[in-house]
Amino acid sequence: MKIFAHRGVSGHYPENTLLAIQAAIDCGAYGIEIDVFAVAGELIVIHDRQLKRTTKASGNIEDYTLAQLQQLDAGKGQRIPTLWQVLQLTNNNCVLNIELKGHDTVDLLLQLILRAQQELGTDLAKLLISSFHHPLLLQVKQQQPALAIGALTACIPLDYCEFASKLGAVSVHCDRAFIDEKMVQDAHQRGLAIYVYTVNDQREALRLKALGIDGIFCNYPAEATGWF
Ligand code: G3P
Ligand code: MG
């Protein structure tokens with residue numbers, strides 16, 4: 001079972017911060033999932049467009065300059081990291097699953113990955129790009145076919161995993177609320193791995209394992225290694 005640290009080790013540290021990401025590297029997670037938004041030509045690592053939950057600031061990301069955002073407290077004195085900082089930290093240690101949260105993210109992502117290949121020796125095989133915004137994933141695949149795509153869904157589509165096949169994805173990332181045996185079988189028949197979010201207790205993890213899934217996104221990756 002592949003275990004992705006969901007927003008880093010977000011069960012113990014402030015989500016999507018370097019602290020949570022370092023903890024995920026330290027516990028040997030197979031992968032780390034993070035969320036990114038575009039701000040003023042930079043990709044920043046944060047889950048919500050609204051700032052209140054993770055930083056206590058009012059308003060939305062777009063109400064602030066990049067410098068102002070980087071001064072906010074993302075928890076335990078941590079700052080909102082840039083994707084570049086995360087690429088430097090994780091570099092080839094584990095799979096980095098970058099979830100595109102907003103528009104205008106694709107060109108910045110591809111520029112940054114190219115820079116990471118040149119300056120950090122980043123291995124494209126260690127990157128997995130996902131999004132609920134499937135046209136963005138199509139753009140990524142068309143512009144850089146060597147990048148692996150993970151197709152996110154919060155529902156069971158009428159044609160099951162056909163959407164992921166069309167995208168040339170390697171994996172389908174499905175909400176645990178709806179996933180069923182037919183979805184898992186359809187993914188596997190298409191040669192797709194199926195990863196499920198967000199799984200934070202052993203009972204649920206074992207239920208999903210019995211369905212045949214290949215991995216989970218978990219806020220407690222160190223604990224999860226003992227569940228299976
Ligand atoms: O990528 C898996 C999961 O993170 C998708 O949902 O809302 O946690 O980004 P969310
Ligand atoms: Mg996410």
Side-chain angles (χ1 to χ4, degrees), residues 1-21 23-24 29-39 43-55 60-61 74-75 78 80-83 86-87 90 94-103 105-106 108-109 126-137 140-141 147-157 161 163-164 167 169-179 183-184 187 192-201 204-205 208 211 213-221 224:
M1 184 70 64
K2 290 175 177 162
I3 297 168
F4 289 82
H6 183 241
R7 312 179 193 173
V9 183
S10 57
H12 294 298
Y13 302 98
E15 68 180 48
N16 281 322
T17 63
L18 295 181
L19 192 62
I21 291 160
Y30 167 80
I32 300 174
E33 187 261 7
I34 58 167
D35 310 281
V36 300
F37 275 89
V39 176
L43 288 174
I44 61 166
V45 181
I46 188 167
H47 180 273
D48 300 354
R49 183 171 152 243
Q50 295 79 16
L51 293 165
K52 192 168 182 194
R53 184 179 62 85
T54 56
T55 71
N60 299 330
I61 288 171
Q78 290 285 296
I80 300 169
T82 61
L83 178 57
V86 174
L87 284 165
T90 58
C94 59
V95 170
L96 181 64
N97 175 196
I98 303 166
E99 183 186 340
L100 305 179
K101 280 293 187 196
H103 297 267
T105 44
V106 172
L108 291 171
L109 174 79
K126 292 287 190 180
L127 299 177
L128 176 60
I129 314 302
S130 64
S131 186
F132 287 105
H133 192 313
H134 298 167
L136 290 184
L137 294 180
V140 171
K141 197 68 191 166
L147 275 170
I149 298 297
L152 267 161
T153 179
C155 69
I156 305 289
C161 296
F163 72 103
L167 283 167
V170 296
S171 51
V172 176
H173 304 184
C174 189
D175 192 317
R176 69 190 171 91
F178 291 109
I179 189 159
M183 185 75 167
V184 177
L192 298 160
I194 190 145
Y195 305 141
V196 182
Y197 63 89
T198 305
V199 183
N200 283 331
D201 71 83
E204 180 72 333
L208 294 162
L211 291 179
I213 68 160
D214 303 290
I216 59 170
F217 297 90
C218 179
N219 298 354
Y220 303 92

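Counting starts at 1 for both ligands and their atoms, in listed order.
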From CA spacing to verdict: side chain to side chain contact (heavy atoms under 4.5 Å, CB included), Leu87, Leu127 = CA-CA 10 Å; Leu87 284 165; Leu127 299 177; 4.0 Å; yes
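- Between Phe217 and Tyr195, the two ring planes are perpendicular [angle over 60°; tilted spans 30° to 60°].
- The distance from ligand 1 to the heavy atoms of Asp35 drops below 4.0 Å at these ligand atoms: 9 (O).
- The name of the N, O or S atom in Glu99 nearest to the Mg ion (ligand 2) is OE1.
- As for Asp35, its N/O/S atom nearest the Mg ion (ligand 2) is the one called OD1.
- Of the possible polar contacts, none joining the Arg7 side chain to the Asn16 backbone as a donor-acceptor pair under 3.5 Å is found.
- Atom OH of Tyr13 sits in a sparse spot, with 12 or fewer heavy atoms from other residues, nucleotides or ligands closer than 6.0 Å.
- Evaluated by nearest non-hydrogen atom to atom 4 (O) of ligand 1, the leading choice among His47, Glu15, Glu33 is Glu33.
- Residues Ile216 and Tyr197 form no side-chain contact, since every pair of their non-hydrogen atoms from C-beta on lies 4.5 Å or further apart.
- Within ligand 1, counting atoms from 1 as listed, the ones closer than 4.0 Å to a heavy atom of Lys101 are 7 (O), 9 (O), 10 (P).
- The distance criterion of under 3.5 Å between nitrogen or oxygen atoms is met by Arg7 with respect to ligand 1.
- Using a distance-only test at 3.5 Å, with no hydrogens or angles considered, a donor-acceptor pair links the side chain of Asn97 to the main chain of Leu128.
- Judged by the shortest distance from any of its heavy atoms, Phe132 lies inside the 4.0 Å radius around the atoms of ligand 1.
- An N or O contact shorter than 3.5 Å is missing between Ser130 and ligand 1 by distance.
- When each of Arg53, Gln78, His47, His6 is checked for a side-chain hydrogen bond (donor to acceptor under 3.5 Å, both in side chains) with Glu15, only Arg53 meets the rule.
- Backbone and side-chain nitrogen or oxygen atoms of Glu99 are examined, and one is located within less than 3.5 angstrom of a nitrogen or oxygen of ligand 1.
- For the ligand labelled ligand 1, residue His173 lies outside the 4.0 Å heavy-atom shell.
- Within Glu33, OE2 is the N, O or S atom that lies nearest to the Mg ion (ligand 2).
- Between Lys2 and Asp214, the closest side-chain pair of non-hydrogen atoms is not below 4.5 Å.
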